[in-house]
Amino acid sequence: MSETRRGRRLSRLPARALRGALAAVAAAALAVPLAAPAQADTPLRELADARDFEIGAALGAGYLSGDARFADLAATQFNAATAENAMKWDTVQPSRGQFNWRDADAFMDFAAANDQTVRGHTLVWHSQLPSWVSNGGFGAAELRGIMESHIDAVAGRYAGRVAYWDVVNEPFNDDGSWRNSVFYNTLGEGFVADALRMAAEADPNAELYLNDYNIEGINAKSNAYYELARDLLAQGVPLDGIGMQAHLINGQVPADLQRNIQRFADLGLDVAITELDVRIPMPADQNELQQQARDYRAVLDACLAVDRCIGVTVWGIVDRYSWVPDVFPGQGAPLIYFDDYTPKPSYYAIQEALGGPGGPGPGPDPEPGACEVDYTVQNQWSTGFTGQVAFTHNGASALSGWELSWSWPSGQRVSSGWSGTWAQSGSTVTVSNAAWNGAVPAGGTVTVGFNATHSGGNTAPTAFTLNGQACTAV
Ligand code: G2I
């Protein structure tokens, strides 16, 4: 089943069957003396294209339309895209028979305009499911009909433009038992096969996946998938792949990830890493960011090592928009760009895994002449806080004026500041020297302070610049 489906895939990229041929071309290219090395700023998508690999990102509708820097990174760095929320049931069919395509259409247009392979996410999921479905009290026949018309409408609308669908999302508990969802409780485990068949009917060209978290290593939950996948394939159910979400904890990439991917590949399935992020207790320090880069590298390497692992999608782009701090308070910084849109060590780790130069290495060493910043919250109450920021100028020569800048990740706003001239635009704060403290000798430290408001999570900034140069946060 899978082989025929692969052959008909309407992806912008050649099917993986062409990989051998591409590898031969690449080998020939390598043999050419003095081939131009990849540039430090080679976008990830170019590196990925060259190896017939997909590097994707989850794109939030509001960020695509409201944040030009986000949209620019989305377009320039990734050859694949997943809608973060726009194609979910509660967005597209919030009440029975009433469809809202605005965000999903905008996402599809963005992907098409930027020549990106689309992963549709997701058709049948217990979460972000409107209550008219979850609490409707429907009998089996009616619920099956509701599921079918939803799949028909969504997969049908985008048929031919979606390369992969996450048809069923997260149907198992971590112990490998079936999750109690309205679908399982009403239809039994057959809802998975039903949904896959309905999706194949609605879009015969899309490759159909089951997708879940905590199935990256070999464990009870991934074993449940293995058994299910084997049974479905034996019954001729149209299943093409397994999506391993990979919402990981820093330093905890399962050692058997590659082996686990391989065992699904050996069943004749494709595998994709669909929602990669690596969360860190906040604030993240340099060592943690380097560990995170090693984790990203390990995930990329494991996928690249298995021919049927088709690509890796990162669940977001910039740390500031990640879902992680909302769900895991005190944790964050899980993605590949800092809040100021500069690439993190994790970005360079992906770049390097894809055969690029890898930037300043898996932990960017502070440039000579850079600075160190110590950001401290001295006092905090429900709506505000007082903070102090001390920077040390490590450059060889004295400064005769300075401008320190950072971006606040969770909506903080300066209300008053001292020992400098303060300004804020959006989340970006800029402090420049007062008349009396512009002169800073090499090795000198300047301390400024402020009062600010916050509305809940008062996450500290992780990246600072001094006169445009990146600083190390200490
Ligand atoms: O939870 C992380 C991911 C786990 N796997 C399936 C993914 O679909 C899921 O993504 C997240 C999105 O990143 C969040 O953005 O799914 C969440 C919902 O379960 C999304 O959060 C929702 C919030 O719960 C809503 O309050 C919010 O209105 O995002 C909505 C749109 O911003």
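As the structure lists them, so they are numbered: ligands from 1, and atoms in each ligand from 1.
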- Message: Tell me the contacting part of Y213 for ligand 1: side chain, backbone, both, or neither, using a 4.0 Å heavy-atom threshold, strictly below.
- Response: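 It is neither part, as no heavy atom is under 4.0 Å.
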
- Would you say ligand 1 has an N or O under 3.5 Å from any N or O of K88?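 Looking only at distances, the answer is yes, because the N/O contact criterion of under 3.5 Å is met.
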
- Item | Nitrogen or oxygen atoms of N169 and ligand 1 under 3.5 Å apart |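 In fact, backbone or side chain, N169 has no N or O that close.
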
Ligand-side contact atoms (ligand 1) for residue partner [X], heavy atom cut-off under 4.0 Å:
| X | value |
| --- | --- |
| E84 | 12 (C), 13 (O), 14 (C), 15 (O) |
| E170 | 4 (C), 5 (N), 6 (C) |
| S127 | 19 (O) |

- Message: Does E142, at its CD atom, have more than 12 non-hydrogen atoms belonging to other residues, nucleotides or ligands within less than 6.0 Å?
- Response: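 Yes, enclosed.
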
- Salt-bridge criterion met for D166 and K88 (N-O under 4.0 Å):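 Answer for the salt bridge query: no.
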
- Salt-bridge criterion met for R308 and E207 (N-O under 4.0 Å):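 Judged by the 4.0 Å cut-off on N to carboxylate O distance, R308 and E207 do not form a salt bridge.
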
Will you find, in the side chains of [X] and [Y], an N or O donor that is under 3.5 Å from an N or O acceptor?
| X | Y | result |
| --- | --- | --- |
| S222 | R263 | yes |
| D105 | Y158 | yes |
| Q412 | N458 | yes |
| Q291 | N287 | no |

- Task: Could you tell me the residue and atom name of the protein heavy atom closest to atom 15 (O) of ligand 1, and the distance to it rounded to 0.1 Å?
- Result: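 Here the nearest protein heavy atom works out to N85 ND2, 2.9 Å.
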
- Item | Nearest protein heavy atom with distance in Å, relative to atom 3 (C) of ligand 1 |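 That would be E275 OE1, 3.4 Å.
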
Would you say [atom] touches the protein, meaning some protein heavy atom is under 4.0 Å from it?
| atom | result |
| --- | --- |
| atom 13 (O) of ligand 1 | yes |
| atom 19 (O) of ligand 1 | yes |
| atom 27 (C) of ligand 1 | no |

- Message: Going by the closest heavy atom to atom 22 (C) of ligand 1, which one wins out of Q245, H247, H126, Q128?
- Response: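 The nearest heavy atom belongs to Q128.
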
- Message: If you take the nearest heavy atom of each of W315, Y321, W323, which one is closest to atom 10 (O) of ligand 1?
- Response: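 Going through W315, Y321, W323 one by one, W315 has the nearest heavy atom to atom 10 (O) of ligand 1.
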
- Item | Smallest separation among heavy atoms of N173 and W178, with atom names |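 Smallest interatomic distance, heavy atoms only, reads ND2-O, 3.1 Å.
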
- Task: Determine, for Y337 and R69, whether the Lys NZ or Arg CZ falls below 6.0 Å from the six-membered ring centre while staying within 45 degrees of the axis.
- Result: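 Verdict for Y337: no cation-pi partner in R69.
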
